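Written out below as structure tokens is the structure these notes cover.
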Amino acid sequence: TVLLDDAPRRARVRVSGRDITVDLGSHHGLLLEGRREVEGRDEPCLLSYGTKQSDIRQRRAYSHRTLLSQARATMRRAAITSVDRGLALLPLHPLMGLTVAMAPLLLAGAHISTTHVESARHTLDRIVDQAISVIIGPPAHFASLVDQVEASGRPFTAPGLRLCLTGGEPVPAELQARFARSFGVELLEAHPR
């Protein structure tokens, strides 16, 4: 079950070089329901681009079944449940955003908030105000959060925060140590496949 709390009233779509405004009516929330245990089809649904060490562009197609399998594996490993409240500090379209941030939380029936680039202070306030328990984001975002907390001179207090996942680029051990000192939570590296 997916509930989009603040569904927009209008959407602008570009079709054949023309902007069209679509009236979404008075939908103040959108409820999508389905079976959480569905395995998914083997047909491709996502084309992901990445680089290898040789810097040659690589392209890989992922099936519904593969994405759901990866999301469920993350959900189990991270012990994500319906009581969790997640904050995604990354776009949801890359593989990590989809299989580590969005899909595991939604499959568990948990709440997920997303954010565009915002100040570290605003993100820290959001973690407390929304009782965030899980944060997923790139190392640079976690580094800015640590910098903000260290500048304040006291550890960050968010009693419900239990899991912080990062990845997409190498995570310095020094950042992980600083994060653990400042937040009292380990910064773990996630590896979507």
Side-chain angles (χ1 to χ4, degrees), residues 1-9 11 24-48 61-118 122-139 141-142 145 156-168 171 179 183-193:
T1 303
V2 178
L3 177 61
L4 303 175
D5 296 322
D6 297 312
R9 294 180 58 80
L24 300 175
S26 59
H27 300 289
H28 297 290
L30 176 62
L31 183 63
L32 305 174
E33 295 181 346
R35 294 181 310 141
R36 291 183 188 160
E37 70 281 355
V38 68
E39 288 185 23
R41 295 182 181 189
D42 283 322
E43 66 190 20
C45 68
L46 175 73
L47 190 58
S48 177
Y62 291 87
S63 70
H64 294 271
R65 184 183 309 269
T66 300
L67 293 177
L68 284 168
S69 173
Q70 289 180 5
R72 284 190 183 100
T74 298
M75 184 180 70
R76 283 189 300 274
R77 281 192 309 270
I80 296 171
T81 69
S82 62
V83 300
D84 279 309
R85 298 184 62 81
L87 177 60
L89 301 173
L90 70 168
L92 299 178
H93 59 81
L95 193 58
M96 183 170 167
L98 184 61
T99 63
V100 176
M102 183 176 65
L105 286 154
L106 293 177
L107 285 169
H111 179 274
I112 182 169
S113 294
T114 60
T115 185
H116 59 287
V117 176
E118 60 187 12
H122 185 246
T123 300
L124 293 171
D125 290 343
R126 181 186 270 210
I127 292 167
V128 173
D129 295 345
Q130 294 181 8
I132 298 296
S133 58
V134 178
I135 305 172
I136 304 101
H141 280 33
F142 285 106
L145 295 177
F156 182 70
T157 304
L161 186 61
R162 67 171 190 83
L163 178 65
C164 296
L165 298 171
T166 190
V171 182
F179 189 86
F183 286 79
V185 176
E186 194 175 0
L187 178 59
L188 302 173
E189 199 166 351
H191 297 283
R193 302 204 192 300

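Everything numeric in this text was worked out from a predicted model, so none of it was measured. Reckoned from all heavy atoms, side chains included, excluding hydrogens, waters and symmetry mates. The chain is numbered in sequence order, starting from 1.
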By side chain to side chain contact (heavy atoms under 4.5 Å, CB included) - contacts of A79 (at least two apart):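 So A79 forms no side chain to side chain contact (heavy atoms under 4.5 Å, CB included) with any residue.
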
S63: side chain to side chain contact (heavy atoms under 4.5 Å, CB included) partners, not counting sequence neighbours: D42, R65, T66

Donor-acceptor pair, side chain of S133 and main chain of R85, under 3.5 angstrom: yes

Donor-acceptor pair, side chain of S82 and main chain of A110, under 3.5 angstrom: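 Pair absent, no side-chain N/O of S82 close to backbone of A110.
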
Distance (rounded to the nearest 0.5 Å) between [X] [atom1] and [Y] [atom2]:
X    : Y    : atom1 : atom2 : answer
I80  : R162 : CD1   : CZ    : 6.5 Å
H141 : T123 : NE2   : OG1   : 7.0 Å
C164 : I127 : SG    : CD1   : 7.0 Å
I136 : L163 : CD1   : CG    : 7.0 Å
Q130 : S113 : CD    : OG    : 4.0 Å
L68  : M75  : CG    : CE    : 10.0 Å

Residue list, ring pair (Phe, Tyr, Trp, His ring centres under 6.0 Å) with F156, at least two apart or on another chain: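 Scan of F156 (ring pair (Phe, Tyr, Trp, His ring centres under 6.0 Å), adjacent residues dropped) gives F183.
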
From CA spacing to verdict: side chain to side chain contact (heavy atoms under 4.5 Å, CB included), L107, R72: CA-CA 7 Å; L107 285 169; R72 284 190 183 100; 3.9 Å; yes

